[in-house]
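Structure first, then comments.
A, B, ... follow the sequence lines: proteins, then strands. Residue 1 opens every chain. This is a predicted model, so every value here is computed, not measured.
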Amino acid sequence: MSRALAEITAPEFDLALTLGCGQVFHWRRHGEGWLGMIGDTPCYAEQRGHTLLVPRGLESIAADYFALDHPLQKMRATFPDDPAMNAADEACRGLRLVRQPHWECIATFITSAQKAVPHIAQISHTLRTRYGRAAEWNGERLFAYPTPAALAALGEKDLRACALGYRAKNLLRTARMIADGEVSLEAVAGLGDHEAAIELQRLAGVGPKVAACALLFGFGRLAAFPIDVWIERILRTTYFPKKRKVTTKRLREFSARYFGPFGGYAQQYLFHHARTTTPRGNKSK
DNA sequence: CTCCAGGTTCCGG
DNA sequence: CCGGAACATGGA
């Protein structure tokens with residue numbers, strides 16, 4: 001029999017949606033639930049209606065990770081009232097933005113550049129199993145995301161062998177910058193949104209989009225609005241129909257204003273809805 | 001074979 | 001500030 005599980009109350013929550021929407025990449029299905037790591041702690045999670053089952057002792061850690069304290073109802077009420085947003089909102093009930101550890105969040109998104117979600121998951125898995133600390137839950141082997149020091153000690157060739165492609169150099173350089181204390185993620189956590197974004201972009205392979213993902217998924221900045229190819233397509237076709245020459249700068253300014261204080265949530269809902277309703281990037285002009 | 005994927009960086013206008 | 005090109009890899 002498995003170790004004892006404890007129940008947490010989890011209203012307005014969809015575990016499968018939350019773990020499968022492309023914000024975090026290492027959880028895998030296991031039995032009736034999911035198996036993954038919360039930082040260095042192995043965790044099993046299973047949803048039964050409005051309750052969440054997690055290993056006894058991990059109740060508060062899991063509740064925090066899955067952001068069960070986010071007032072989803074109130075946050076959704078701040079979304080703009082337009083057809084595209086409403087459709088996405090309807091399709092993403094219970095999707096919560098989890099609180100990822102700073103380092104693994106920024107690192108995985110550095111490796112996400114120009115990669116499909118399944119590829120990102122594959123890269124994450126390879127890095128974890130080769131260079132991460134091993135852990136175990138009920139006989140199941142799990143691996144933490146490799147530390148900055150662990151990656152900093154490698155060569156670019158080692159990372160390229162993990163199918164990172166040209167992203168290998170960026171991840172390695174960034175791991176070394178963090179390991180050497182050239183950039184402090186703890187310090188970033190104390191900065192305002194804009195200053196934090198600027199600071200993160202000092203890291204190799206971190207531009208506006210990856211910085212926004214890290215701020216949103218790792219630093220709890222729920223207004224951060226990552227603009228990737230999917231979102232850009234939605235913005236252009238839905239909010240700037242048949243307009244030529246809409247610069248990315250213009251899109252950023254519009255998004256920051258239009259989607260409000262929880263724009264990051266709106267963004268993730270739009271992203272997931274688009275990705276699950278248009279199997280392959282059709283430009284549906 | 002071609003196209004595209006949760007981009008960033010560098011380089012000329 | 002803006003538009004292009006290069007950069008790896010794998011699935012459709």
Nucleotide [N], atom [atom2] - distance to [atom1] of [X] in whole Å:
X	N	atom1	atom2	value
Gln114(A)	dA8(C)	CD	P	13 Å
Ile231(A)	dG7(B)	CD1	P	11 Å
Gln100(A)	dG6(B)	CD	C1'	13 Å
Glu156(A)	dT9(C)	CD	P	11 Å
Lys115(A)	dG7(B)	NZ	C1'	13 Å
Tyr166(A)	dA5(C)	OH	C1'	12 Å
Arg167(A)	dA6(C)	CZ	P	16 Å
Leu159(A)	dA8(C)	CG	P	13 Å

**Item:** Donor-acceptor pair under 3.5 Å, Gln268(A) side chain vs dG6(B) base
**Value:**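 Donor-acceptor pair under 3.5 Å: yes.
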
**Prompt:** side chain to side chain contact (heavy atoms under 4.5 Å, CB included) with Pro80(A): which residues, sequence neighbours excluded?
**Reply:**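 Listed in chain order: Asp82(A), Met85(A), Tyr258(A), Phe259(A).
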
With rounding to whole Å, what would you report as the distance between [N] and [M] at their [atom1] atoms?
N	M	atom1	result
dG10(C)	dT9(B)	C1'	23 Å
dG6(B)	dG3(C)	P	23 Å
dC1(B)	dG11(C)	C1'	14 Å
dA8(C)	dC11(B)	P	16 Å
dC7(C)	dA5(B)	C1'	14 Å

**Message:** On a heavy-atom basis, which atom in Leu151(A) and which in Ala175(A) lie closest, and how many Å separate them?
**Reply:**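 In this case the closest contact between Leu151(A) and Ala175(A) is CB-CB, 3.8 Å.
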
**Prompt:** Distance-only, no hydrogens or angles: does the Glu232(A) side chain make a donor-acceptor pair with backbone N or O of Thr248(A) under 3.5 Å?
**Reply:**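 Between the backbone of Thr248(A) and the side chain of Glu232(A) there is no qualifying donor-acceptor contact (under 3.5 Å).
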
**Asked** For Leu203(A), does its backbone N or O pair with a side-chain atom of Arg173(A) as donor and acceptor, under 3.5 Å?
**Response**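 No.
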
**Request:** Report yes or no: is the ring centroid of Phe271(A) under 5.5 Å from the six-membered base ring centroid of dG6(B), with the two planes under 30 degrees?
**Result:**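 One would call Phe271(A) stacked on the dG6(B) base.
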
**Request:** Assign each of His119(A) and Ala113(A) to its nearest nucleotide of DNA chain C by heavy atoms, then name whichever residue's nucleotide is nearer the 5' end.
**Result:**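 On the 5' side of the pair lies Ala113(A).
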
**Selection from dC1(C), dG6(B), dG3(C) that lies nearest to any side-chain heavy atom of Lys249(A)** =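 Among the listed nucleotides, the one closest to the side chain of Lys249(A) is dC1(C).
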
**Asked** Choosing from dC2(C), dG7(B), dG6(B), which nucleotide comes nearest the side chain of Arg275(A)?
**Response**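 From the listed options, dG6(B) comes nearest.
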
**Request:** Answer yes when Arg141(A) and Glu136(A) have at least one side-chain N-carboxylate O distance shorter than 4.0 Å, and no when they do not.
**Result:**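 No, Arg141(A) and Glu136(A) are not salt-bridged.
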
**Message:** Can you confirm whether or not the ring centre of Phe13(A) sits under 6.0 Å from the ring centre of Phe66(A)?
**Reply:**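 Ring-ring flag for Phe13(A)/Phe66(A): true, centres closer than 6.0 Å.
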
**Prompt:** Is the Phe143(A) to His26(A) ring centre distance short of 6.0 Å?
**Reply:**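 No, the ring centres sit 6.0 Å or more apart.
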
**Prompt:** Does any residue of residues 196-212 of chain A have a heavy atom under 4.0 Å from DNA chain B, and if so, which ones, in number order?
**Reply:**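 Going residue by residue through residues 196-212 of chain A, the ones with a heavy atom under 4.0 Å of DNA chain B turn out to be Leu203(A), Gly205(A), Val206(A), Gly207(A), Pro208(A), Lys209(A), Val210(A).
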
**Request:** Look at all strands and tell whether Ile110(A) reaches a base, only sugar-phosphate, or nothing, counting heavy atoms closer than 4.0 Å.
**Result:**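 The answer is nothing, as Ile110(A) stays clear of every strand by at least 4.0 Å.
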
**Prompt:** If each of Pro226(A) and Arg173(A) is mapped to the nucleotide of DNA chain B with the nearest heavy atom, which maps nearer the 5' terminus, i.e. the 5' end?
**Reply:**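 Closer to the 5' end of DNA chain B: Pro226(A).
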
**Item:** Straight-line distance of Cys213(A) SG to Gln100(A) CD, nearest 0.5 Å
**Value:**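 It comes to 9.5 Å.
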
